[in-house]
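In this text the structure is predicted, and so the values were computed from the model without any measurement. Excluded from the calculations below are hydrogen atoms, water molecules and symmetry mates; all remaining heavy atoms, backbone and side chain alike, are included.
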Amino acid sequence: MPSKSSARLAALTVAAVCATSTITLTSPAHAESVRIHDIQGDTRMSPYTGQQVTDVAGIVTGVRTYGSSRGFWIQDPEPDADPATSEGVFVHTGSTPQGVAVGDAVEVSGTVSEYVPGGTSSGNQALTEITRPAFTVVSGGNPVPAATRIDAGSVPAAYTPAGDRAANGSVNSLPLRPDRYALDFYESLEGMNVQVSDTRVVGATAPYTELWVTVKPRENRNHRGGTVYGSYEAQNTGRLQIQSLGRAADFPDANVGDTLAGTTTGPLDFNQFGGYTLVASELGTLESGNLRRESTRAQRSGELAVATYNVENLDPSDGTFAAHAEAIVGNLKSPDIVSLEEIQDNNGATDDGTVAADRTVAALIDAIVAAGGPRYDWRGIDPADKADGGEPGGNIRQVFLFDPERVSFTDRAGGDAATATGVTKVRGRAALTVSPGRVAPGSEAFENSRKPLAGEFVFRGRTVVVVANHFASKGGDQALTSQYQPPSRGSETQRHLQAKEVHDFTAKILAVQKNAAVVVLGDVNDFEFSTTTKILEGRGTLWSAVKSLPRSERYSYVYQGNSQALDQILISPSIRRGGTFTYDSVHLNAEFHDQISDHDPQVLRFRP
């Protein structure tokens, strides 16, 4: 530990966190020779932060020569007896490290810093580093310290201590308890050589050469090999991100349910996009789980099939039209009504004031016909330029496709980007004042976000009101691995307002006609157990039909190895009480590395 005088100097001279999110001192103090476990300490923040350390000894366990965080990891081959103190640390060189290799015994001098990936505003935990280093290679070819095994028996079931035990909700100052909390366990291994064996893939390979595995094969598993996120209290502690120190071209293309057979070994890092990450110097062999894309059954003649599908920023320049068409025709069996989210304007992200999307929709309809499906008709409302969020210049919106051989659309003129549709009574039944029309487009709830699209459809003489949604994203929320526990979900504020607007609109329909058939669907960007969904549902106004599925099947999206429900279809009481509906989350995208969208479509079939 530092002397009292050096600790006092550190306390007096610590500067505010700078723009690079690295905590340093204005005039670094000097510490006597220390070991790595002294630097790491028994909390998340090093007791030596901002101090100069000299001749810190260790064996090089990995060298990173790419990206913005270049350097190497060292580990002390002579650990102390405290399981809370890590024996490894990252040496940040800034540029590609020269003259150092795995197995070298080195002595490193430099400044101890706490780097926050993503910046302090992200709420992420800090990564202890030695920065501005000078190092000497003492010898080469030494044995690398044995990897610490991470498995189901070593990772605790509890994720983290409650945040109210620490100032401002941060767990940074709490002593690590690696035997009790999963985040403490991983933190106690930060920078160390670790190993997992025969792990199941729970998050497919992403474009950035990363995938997710679980070391707890039984933890909330579903029959397709994923790990289901079913509540805020069940974060799935066995999940771990895998990256590689090797070439990107050698990284495997993995799907959920595959296995990384054998051992995967390397330093345990912490990064902005996923938290604790095993950066593999040795990568297991990929074994296929033979996961297949799902298909739903076709609707029967008396059933109305309604689907929601986020097609991920579709515009005419994309090469995915044929694949989306095959998904709609082959996997979804050509639903009668399809709510499409993320339809971009006719020139995509080009920011020139274009808002029309007729070419985008026409290209998809033509592709559906070529795939053997019906020639859908469609309805939509062009947004005001740059008013609905999404990719700059893309002007995403929801669009209805419908099969005119099975369903008719009731057009009521007057809908545009700014005009709100309302509810009236026509011949004793609820009707929209504008169809298609937007729900509360002037509300603050939908500022810089997609406005709901409502339309009246008629199937076998029965009117069905459909409201298509794409709520505000979760962007900006703190991660599950945040230093703040429980993590802040600030994006919920807008979604709660949006859910209230849509709920109240639906309630007006049911106030006019108690037995009205109403379907509210889309990318809700929140879970079936969330407050957002509870607000949407209200007290019996709507009900999320994904809850008719077993808990293990309630998902449409995979994020950081958690299979979760973001896309939902909610139904009014007359549909639910009829007892004739079936619901299917059709898994054809989210679990696959070659996905054409990051969302799985949802299908509801019922007899109005």
Side-chain angles (χ1 to χ4, degrees), residues 32-40 48 52-67 69-83 85-112 127-151 188-198 209 240 242-252 260-271 276-285:
E32 57 193 58
S33 181
V34 295
R35 305 279 288 275
I36 293 174
H37 49 251
D38 299 322
I39 293 171
Q40 288 285 8
Y48 287 86
Q52 292 270 0
V53 291
T54 304
D55 297 335
V56 179
I59 305 295
V60 177
T61 60
V63 180
R64 183 155 57 199
T65 61
Y66 60 88
S69 184
R70 303 185 188 192
F72 56 92
W73 289 268
I74 60 174
Q75 182 168 333
D76 194 328
E78 299 179 7
D80 65 5
D82 187 352
T85 57
S86 170
E87 301 295 339
V89 71
F90 184 67
V91 180
H92 184 264
T93 56
S95 58
T96 301
Q98 302 293 326
V100 63
V102 172
D104 285 350
V106 297
E107 292 180 347
V108 179
S109 300
T111 303
V112 177
L127 180 68
T128 304
E129 299 179 335
I130 299 177
T131 60
R132 299 191 289 275
F135 60 89
T136 301
V137 175
V138 177
S139 63
N142 298 282
V144 173
T148 299
R149 185 178 176 86
I150 300 176
D151 56 22
S188 73
L189 301 176
E190 178 191 277
M192 289 179 61
N193 197 32
V194 299
Q195 182 179 92
V196 297
S197 299
D198 297 324
T209 60
L240 187 65
I242 305 292
Q243 294 180 342
S244 177
L245 287 172
R247 299 188 311 153
D250 296 331
F251 200 78
L260 273 185
T263 57
T264 297
T265 305
L268 188 66
D269 196 24
F270 188 97
N271 67 48
Y276 294 103
T277 301
L278 195 165
V279 187
S281 53
E282 175 191 4
L283 198 61
T285 302

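Asp151 CG to Asp198 CG: the interatomic distance, rounded to the nearest 0.5 Å, is 11.5 Å. Note that the OG atom of Ser197 and the CG atom of Leu260 stand 10.5 Å from one another [nearest 0.5 Å]. In this structure, CG on Leu189 lies 10.5 Å from CG on Leu278, to the nearest 0.5 angstrom. Note that CD1 of Ile74 and CG of Asp104 are 11.5 Å apart. Values are rounded to the nearest 0.5 Å. Annotation: the span from Glu190 atom CD to Thr128 atom OG1 amounts to 4.5 Å, rounded to 0.5 Å. One distance of note links OG1 of Thr264 with CD1 of Ile150; it measures 11.0 Å at 0.5 Å rounding.
Aromatic ring centres of Phe135 and Phe72 lie closer together than 6.0 Å.
Here the closest heavy-atom approach between residue Gln75 and residue Pro145 is recorded as NE2-CB, 3.5 Å. Of all non-hydrogen atoms in Phe251 and Ser244, the two that sit nearest each other are CD1-CB, 3.7 Å. Nearest heavy-atom pair, Val53 versus Val56, reported as atom, atom and distance to 0.1 Å: CG2-CG2, 3.7 Å. Nearest approach of Gly191 to Pro267, heavy atoms of both residues: O-CB, 4.4 Å. The two residues Pro83 and Ser188 come nearest to each other via the heavy atoms O-CB, 3.4 Å. Closest non-hydrogen pair, Gly99 versus Val137, comes out as O-CG2, 3.5 Å.
No side-chain donor-acceptor contact under 3.5 Å links Ser109 and Gln52. Judged by distance alone, the side chains of Glu129 and His92 never bring a donor and an acceptor atom under 3.5 Å apart. Side-chain contact of Asn193 with Thr61: a donor-acceptor pair under 3.5 Å is absent, judged by distance alone.
Under a 3.5 Å cut-off, the side chain of Ser86 and the backbone N or O of Gln40 do not form any donor-acceptor pair. With Thr148 contributing its side chain and Val194 its backbone, the two residues share no donor-acceptor pair below 3.5 Å. Without hydrogens or angle criteria, Ser281 side chain to Thr265 main chain gives a donor-acceptor distance under 3.5 Å. Although no hydrogens or angles enter the test, the distance criterion places no donor-acceptor pair under 3.5 Å between the side chain of Thr136 and the main chain of Val138. In this structure a side-chain-to-backbone donor-acceptor pair under 3.5 Å is present from Thr93 to Arg70. Asp269 contributes no side-chain N or O that, together with a main-chain N or O of Val279, makes up a donor-acceptor pair within less than 3.5 Å.
In this structure, Arg247 is not positioned above the aromatic face of Tyr66 in the sense of NZ or CZ being under 6.0 Å from the six-membered ring centre and within 45° of the axis.
Taking 4.5 Å as the limit, every side-chain heavy atom of Met192 sits out of range of all side-chain heavy atoms of Trp73. Annotation: side chain of His37 is in contact with side chain of Asp76 (closest heavy-atom distance under 4.5 Å). Residues Thr111 and Arg132 are in side-chain contact: their nearest non-hydrogen atoms beyond the backbone lie under 4.5 Å apart. A heavy-atom distance below 4.5 Å is not found between the side chains of Val91 and Val100.
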- request: With side chain to side chain contact (heavy atoms under 4.5 Å, CB included) as the test, would you mind laying out the steps for Leu268 and Leu240 before giving the verdict?
  value: CA-CA 10 Å; Leu268 188 66; Leu240 187 65; 4.1 Å; yes

- request: Walk me through it: do Glu282 and Thr263 pass the test side chain to side chain donor-acceptor pair (under 3.5 Å)?
  value: CA-CA 7 Å; Glu282 175 191 4; Thr263 57; 2.9 Å; yes

Intermediate values then yes/no, side chain to side chain contact (heavy atoms under 4.5 Å, CB included), Asn142 and Val144: CA-CA 6 Å; Asn142 298 282; Val144 173; over 6 Å; no

message: Set out, in order, the CA-CA distance, both residues' side-chain angles and the distance that settles side chain to side chain contact (heavy atoms under 4.5 Å, CB included) for Thr96 and Gln98, then state yes or no.
response: CA-CA 6 Å; Thr96 301; Gln98 302 293 326; 3.9 Å; yes

- request: Using the side chain to side chain contact (heavy atoms under 4.5 Å, CB included) rule, take Val60 and Val106 through it: C-alpha gap first, then chi angles, then the decisive distance, then the call.
  value: CA-CA 7 Å; Val60 177; Val106 297; 3.9 Å; yes

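Between Arg35 and Glu87 no salt bridge is recorded (no basic side-chain N to carboxylate O distance below 4.0 Å).
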